[in-house]
Amino acid sequence: MYLYDCNGKRIKYDTTDKLGEGLIYSDVYKISDEVCLKVFKTISDDINFDVLSLIKDLELSHFYIIYDFLFNKTGKFNGYTMKYYPGKTIDILTMPTSYTLDNFSSIYNSILKLTDNGIVVSDLHSGNVITDENNITVIDADLYYKLCFIDKIKLQYKNISALIYLFKDLYFESLDEFHKDCDVNACVSTIRNLFEPMNALNIDKVYKKLTRYKYPIDYIKSR
């Protein structure tokens, strides 16, 4: 596959090692041990080059690293290279509680930076993060967009609600995969209550609830 860098240089990429295929927007290929190539299937207005450029420049904690933007032969934005994250399947409910709180805090702080720049966090769920034994890394910001005329508090609420949704999703997945012996209805209710404070801006409630337990599953089973 041939694409062009920002200087118009033609570059050939080996796309034999496909890592994933999006239903609508993109395909991802591993092009080296440390680098992936994302190529958009169609040129869509839903994917904003300026927003992705800003996210790249912000160097957000626990967000993926974007290397180079790429274009087709007519100069249309067509994809980018990014860091490869191998990832590992983990049970977040039996990881130390600090794993949840540290990653929650880091992504929260990055979301505050995005909010300060008027960017809406969109499509944040378990399928758009990579987990390993140390980190949760957000890897797909293609559908994030900018709102110029929105109250900052409303945007902050919206974005932190996206963060809360992500962690509920991660907890629900672990519950389903690793804890089938639990009382599912009770555990689901406990997880929802944990990550649904009355005010989504008041994330301190999450810390207060979890910090006394060694593992999140201990908190969930104690309710």
Side-chain angles (χ1 to χ4, degrees), residues 22-26 38 40 42-66 69 77 80 82 92 97-131 135-175 188-211 216 219-220:
L23 294 176
I24 300 174
Y25 292 104
S26 63
K38 173 172 278 192
F40 303 132
T42 58
I43 308 301
S44 171
D45 291 338
D46 292 335
I47 301 170
N48 190 300
F49 174 76
D50 292 335
V51 169
L52 284 171
S53 295
L54 180 56
I55 290 171
K56 176 180 184 291
D57 292 342
L58 286 173
E59 298 181 347
L60 300 168
S61 175
H62 287 246
F63 272 64
Y64 65 150
I65 296 173
I66 296 173
F69 294 114
F77 179 41
Y80 53 85
M82 58 189 181
I92 193 172
T97 295
S98 60
Y99 179 89
T100 291
L101 298 182
D102 290 348
N103 281 283
F104 190 89
S105 177
S106 293
I107 300 173
Y108 169 77
N109 287 328
S110 292
I111 282 177
L112 292 185
K113 289 184 180 180
L114 292 170
T115 301
D116 288 342
N117 284 275
I119 294 175
V120 178
V121 175
S122 178
D123 202 30
L124 186 58
H125 55 78
S126 61
N128 281 339
V129 299
I130 295 290
T131 58
N135 298 309
I136 299 171
T137 304
V138 180
I139 58 166
D140 190 347
D142 294 345
L143 297 182
Y144 292 16
Y145 58 97
K146 193 163 188 174
L147 287 178
C148 297
F149 304 103
I150 185 173
D151 180 80
K152 183 178 177 180
I153 296 300
K154 290 182 179 179
L155 178 57
Q156 190 173 8
Y157 186 95
K158 180 179 178 65
N159 284 346
I160 294 173
S161 294
L163 172 65
I164 290 169
Y165 179 88
L166 168 64
F167 275 83
K168 283 193 298 182
D169 203 21
L170 290 169
Y171 271 43
F172 289 149
E173 281 196 355
S174 277
L175 182 67
V188 165
S189 178
T190 298
I191 291 169
R192 284 178 175 158
N193 289 333
L194 170 64
F195 289 111
E196 289 183 357
M198 293 295 291
N199 180 353
L201 301 181
N202 186 9
I203 66 165
D204 289 344
K205 290 184 179 181
V206 175
Y207 291 84
K208 290 176 181 177
K209 290 175 181 178
L210 280 183
T211 194
Y219 168 82
I220 291 167

If you compare all heavy atoms of [X] against all heavy atoms of [Y], which two are closest, and at what distance to 0.1 Å?
{"X": "Tyr99", "Y": "Asn135", "answer": "OH-O, 3.2 Å"}
{"X": "Val120", "Y": "Leu155", "answer": "CG2-CD1, 3.7 Å"}
{"X": "Asp151", "Y": "Ile153", "answer": "OD2-N, 3.0 Å"}
{"X": "Leu170", "Y": "Ser126", "answer": "CD2-CB, 3.7 Å"}
{"X": "Leu143", "Y": "Ser122", "answer": "O-CB, 3.4 Å"}
{"X": "Leu124", "Y": "Ala162", "answer": "CD2-O, 3.8 Å"}

### Thr100 side chain to Tyr171 side chain, donor-acceptor N/O pair below 3.5 angstrom
yes
### Task
Say whether Asp142 and Tyr80, considering side chains only, have a donor N or O and an acceptor N or O under 3.5 Å apart.
yes
### Task
Go through the structure and list residues passing side-chain contact (heavy atoms from CB on, under 4.5 Å) with Ile130, not counting sequence neighbours.
Tyr85, Ile139
Holding to salt bridge (Lys or Arg N to Asp or Glu O under 4.0 Å), I want the full list of residues that pass it with [X], two or more places apart in sequence or in another chain.
{"X": "Asp46", "value": "none"}
{"X": "Lys168", "value": "Glu196"}
{"X": "Lys154", "value": "none"}

Distance check, rounded to the nearest 0.5 Å: [X] atom [atom1] versus [Y] atom [atom2]?
{"X": "Lys152", "Y": "Leu147", "atom1": "NZ", "atom2": "CG", "result": "14.5 Å"}
{"X": "Ile47", "Y": "Lys38", "atom1": "CD1", "atom2": "NZ", "result": "7.5 Å"}
{"X": "Phe49", "Y": "Leu54", "atom1": "CZ", "atom2": "CG", "result": "11.5 Å"}
{"X": "Tyr108", "Y": "Leu101", "atom1": "OH", "atom2": "CG", "result": "14.0 Å"}
{"X": "Ile220", "Y": "Ser189", "atom1": "CD1", "atom2": "OG", "result": "11.0 Å"}
{"X": "Asn48", "Y": "Phe77", "atom1": "CG", "atom2": "CZ", "result": "9.0 Å"}

#### Entry: Summary of side-chain hydrogen bond (donor to acceptor under 3.5 Å, both in side chains) pairs that have at least one residue in residues 158-167, sequence neighbours excluded
Thr115-Asn159
Taking the side chain from [X] and the backbone from [Y], do they hold a donor-acceptor pair closer than 3.5 Å?
{"X": "Tyr64", "Y": "Ala141", "answer": "yes"}
{"X": "Asn128", "Y": "Asp123", "answer": "yes"}
{"X": "Ser61", "Y": "Ser110", "answer": "no"}

### Summary
For Asn103, the side-chain hydrogen bond (donor to acceptor under 3.5 Å, both in side chains) test, sequence neighbours excluded, returns His62
### Message
Tell me whether the rings of Phe167 and Phe195 are parallel (<30°), tilted (30 to 60°) or perpendicular (>60°).
### Response
tilted
### Side-chain heavy-atom pair Leu175, Val188 within 4.5 angstrom cut-off
yes
### Message
Using side chain to side chain contact (heavy atoms under 4.5 Å, CB included), reason through Tyr144 and Val51 one step at a time and then give a plain yes or no.
### Response
CA-CA 7 Å; Tyr144 292 16; Val51 169; 4.0 Å; yes
### Query
Hey, mind stepping through Leu58 and Leu114 against side chain to side chain contact (heavy atoms under 4.5 Å, CB included) and telling me if it holds?
CA-CA 9 Å; Leu58 286 173; Leu114 292 170; 4.1 Å; yes
### Message
As a quick check of understanding, evaluate side chain to side chain contact (heavy atoms under 4.5 Å, CB included) for Leu60 and Lys113, giving each step before the final call.
### Response
CA-CA 8 Å; Leu60 300 168; Lys113 289 184 180 180; 3.9 Å; yes
### Task
Decide side chain to side chain contact (heavy atoms under 4.5 Å, CB included) for Ile92 and Thr131; before the verdict, give the C-alpha distance in whole Å, the side-chain angles of both, and the deciding distance to 0.1 Å.
CA-CA 9 Å; Ile92 193 172; Thr131 58; over 6 Å; no
